[in-house]
Every structure is written in structure tokens, then in C-alpha cells.
Number of protein chains: 2
Amino acid sequence: MGEERLSREAILTTALRIVDDEGIDALTMRRLAATLEVNPMSLYHHLPNKAAVLAGLAELVFAGLELPDPGDAVPWQEQLKDAARAYRNALRAHPNLALQVLSDTSAVSEVVVVVVEPFYRALDRGGLSPRQIFEAVNTIIDFIHGFALGETSVRSETFDLAPDLLTRVQDLPAGKAPTLARVVGELGPEGLAYDFDSGFESGLTVLTAGIAAGVRRGR
Amino acid sequence: MGEERLSREAILTTALRIVDDEGIDALTMRRLAATLEVNPMSLYHHLPNKAAVLAGLAELVFAGLELPDPGDAVPWQEQLKDAARAYRNALRAHPNLALQVLSDTSAVSEVVVVVVEPFYRALDRGGLSPRQIFEAVNTIIDFIHGFALGETSVRSETFDLAPDLLTRVQDLPAGKAPTLARVVGELGPEGLAYDFDSGFESGLTVLTAGIAAGVRRGR
DNA sequence: ACCTGAACACCGTTCAAGT
DNA sequence: ACCTGAACACCGTTCAAGT
């Protein structure tokens, strides 16, 4: 118990476990110290404050992300999708941390530089101009961020949203959202059974098609 | 001073002002009560707890959002973009609140039902199937969420990110992100001067093109 | 250099009491 | 019904002191 020297790494590992197990709100400096069987103040010798702990956790989330270069065998569209899938997977590996990661500007911009290479590589192979690449990557990254936000906010009630949506739409004052009501009605409960995986793939299909269209048009 | 009766509405209005002026962290029940010149406990007669205050604020953000039906005069692609612009504008009207709004599942799903109608209407006019509409709307909403997240996280240093990105990329170990380094180098500092408005438009262009491609292909 | 105990200035919320 | 004061069980962090 506590016989090992305290270290930044040990602190962050324990912090990550607390967040994964009990959520971001459970992570307090005092609780963290208690779990490490150490005085709360000892933490401040390894990390300047709580913000630094959170930033350190954001680092950890991306530490595992590695993407092999698939070479020219696979088409650029598929390379792009693979990059997107890997990034999404990194974000949802620690759902309780996703919000923190996504909203910590410094964490994101620090890491985005390395995360972003596979996207650039795919689009470069697709023959896009530097400007087109830059804008397309920003767009797809924003989509992934928004998707991950939705995906990780909903704890694990993945499919419970469908009936909710259906009844909520039907309870609306008549004429408030007529198109929505009709379309949702036509889809029915089974059509609304939302699956995050296929939703993500559907988004990727739209985005790659849109990017390809821009290239073809020579924009 | 305080001669008027306390009300849920008055509490939320004051809370919104605090958040707009000083950020989300400045909003505490005690601080809110002090601003209202009232005992902290009085708040609890109008709102059950702090979470309810935050949820109420999320409501307020969307309260102002109203979108006129442009009719059939304007093409569906432009209708879709207008819906997206209106939604983005609602999210950035109170930047300090955006993160709260986006991460509060109940707030989002409550409001999404009404926010979403213009998107459905545009895509319905575009001749998409119910399934296509459902998926396309989810995708574009996710993009807007991710975009708004980035846009509102960066306080007001809009363009300061460009030189940062450039130097950070150039400081990378050689070969770590070669494509990124080359593309960013070709863009140069002026090419990287990121503008949120044009970045958003660029995303919308990609998305509408991708959606249109899916329709044309009859997917 | 690393760890500690006591203390400061805060939190959200409960509870019993007032009007 | 609405408001209050005192109290409880927490926070992050500073500071002076220990080894």
C-alpha cells in the first residue's frame, strides 16, 4: 500500500480508472489521493492542479491511437473512412472522458496534429488540393466530434431513444413539425431503431461522396 | 431591489446573464442567489436543483430559434443550408453555454424534435426516402454539433490558431506526419488563416453534395 | 526533493423553523 | 406558499512545517 513512489504516471492511471468506473464527477483531488493512499497535497508535487490532471487524461486517451499506413492498395475513400473509424474508436474507448477531451481546446489541438495525418494522407492520395484537403479534414473531424458527443452522452441506452422519439413526435401540437411527424411515422418504430455503428458509416458515406464530388467538379 | 417576487423565469434570466458575462464556472447557486439579492435556499422553491437551472438555460438557448418556411422558391439544398445556419447561430449566440447545451442529453433531445423540422422539410422536398432523410439529418446535426464545439471552445482567438498550427507541425519529429507537414507548408500562413464562417460553409457544401450524390445514385 | 496537517474560501443541498 | 439561517458534507488550493 503506497510503498511505491508517487509519480505523474501513477496518478494519471488511477485517475483514468476512477473516471472510467465512476464518471468524471467522481474525480476529485481528494478522492484521487485517497485511492492512492496518499495525502491530497502530495498530488501537487507531480501535477500543478486539477486542470493538469484532466489534460493528462486527455493525452492518455489518444496515446493508444495508432494507424498503419495501408499503402496504395486500398482506395483513398476507404483509407479516409479507416482514419475516421480509428479516431472515433479512440474517443469512445473512454466514454466518461470524451466530453472532457472534446472540450479541452489545448488537449484537442495538441493531439489533433498527430491524429490528423492519416486523413491528410488519404485525401492527398485522392488528388485533392492542399486547400481542399484542409477544409475536408476539418469537416470530417467536426462530424466525428459531434458524433462522438452524441454517442458518449447517451450512457448505454443505445436503442431506447427510438420509442422516445416516436412518442415525443406524436405528442407534438399538430402542425408543429409536420414533415418530421410524417417521415418518422413512415419509418415506424423498427425503422427508428438507431444503431450508432451504421449511423456513423452512413455519415462517412455522405462525407466521402461529398468530398469526391468536390474533386470531380474541380472546385 | 428584490421587491419583485422571485420566479423561475427571473432566476433563469439572471443565470443566463452570469454565464454570458463570466462563464459557466461563475454560475453557482450561491452566486446566483446573491445576484438576485435573495437567500440561496429560495432558489430551491422554483427549481429543484442546479441541474434544473442548467437544463432551463439550455431551453432558453433554443427558445429564440425560429425558421420561416421559405417555400418552394428556393432549392432544397439552400433550404437545408439555411436550417443548418440557423441552428449554428443559435448555438453560438451563447458560447459559454454551448458545451452545456451540447452535452445535456435531455436538453438536446427535448429541443431537437422542434429544431429538426426545417431539415426534414428541406430533404423531403429533395425527394429523399424517409430512411435517407433520417440518416442525412443525423449526419448534418452531428457536423453542426462538432463544429459548434470547436467554434465555441476557442474563446475569441479566432485566427491565432493558424500560426500555432504551422509552428507545431514544423516542430514535429521529421517523418511523424509527412503529408500534414507538406500540405500545411504548401498552404502557408495565409492559407491557414482559418475563418469559422467559411469553414462552416465549406462543410455544408460537402454535406449537401454528398447527400445529393446519394439521392442521384438512388441509394 | 518529496510529503504532510491545518487552514481558507468556497461549493450544493437538507432540514427545521419562521412568516 | 414562500423564504430563511444554520448546518452538513464536501470541494481545490495555499502555506508553513516536517523528513
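Naming convention: chains lettered A, B, ... in sequence-line order (proteins, then strands); numbering from 1 in each chain.
Rounded to a whole Å, the CZ atom of B:R30 is 9 Å from the C1' atom of C:dT13. Rounded to whole angstrom, the span from the CD1 atom of A:I11 across to the C1' atom of C:dC3 amounts to 12 Å. The CG-P distance, from A:D25 to D:dC10, rounds to 15 Å in whole Å. Regarding A:I18, its CD1 atom lies at a distance of 11 Å from the P atom of D:dC11, rounded to whole Å. As rounded to whole Å, 14 Å separates atom C1' of D:dC3 from atom CG of B:L36. In this structure, A:L47 places its CG atom 14 Å from C1' of D:dG12, rounding to the nearest Å. One atom, CG of B:L32, and another, C1' of C:dC11, lie 14 Å apart when rounded to the nearest Å.
Only the P atoms considered, D:dA9 is 22 Å distant from C:dA9, to the nearest whole Å.
Taken from OG1 in A:T152 to CG in A:L102, the straight-line distance is 6.5 Å, to the nearest 0.5 Å.
A parallel orientation is assigned to the rings of B:F200 and B:F143, their planes being inclined by less than 30° (bins at 30° and 60°).
Note on B:T28: only backbone sugar-phosphate atoms sit closer than 4.0 angstrom, heavy atoms only; bases stay farther off.
With sequence neighbours excluded, no residue satisfies salt bridge (charged side-chain N to carboxylate O under 4.0 Å, His left out) with B:R17.
Comparing C:dA7, C:dT4, D:dC3 by their nearest atom to the side chain of A:M41 picks out C:dT4. With distances taken from any side-chain atom of A:Y44 to the nucleotides D:dT4, C:dT13, D:dT13, the minimum falls on D:dT13. Distances were taken from every side-chain heavy atom of A:M29 (C-beta onward) to each of D:dT4, C:dC11, D:dG12; the shortest belongs to D:dG12. Considering only side-chain atoms of B:N39, the nucleotide from D:dT13, D:dG5, C:dT13 that sits closest is D:dG5.
Residue A:H46 is the one, among A:H46 and B:L27, whose nearest nucleotide of DNA chain C lies closer to the 5' end (criterion: closest heavy atom). The residue among A:L43 and B:P40 whose nearest nucleotide of DNA chain C lies closer to the 5′ end is A:L43.
D:dT4 and C:dA16 make up a base pair, with Watson-Crick or G-U wobble contacts both under 3.5 Å.
With hydrogens and angles ignored, no donor-acceptor pair closer than 3.5 Å exists between the side chain of B:H45 and the base of D:dC2.
Across every non-hydrogen atom of A:E117 and B:P178, the tightest pair is OE2-CD, 3.3 Å.
Look at A:S42 and you'll find a side-chain N or O under 4.0 angstrom from OP1 or OP2 of C:dT4.
Side-chain contact check for B:T139 versus A:T205: every heavy-atom pair is 4.5 Å or farther apart.
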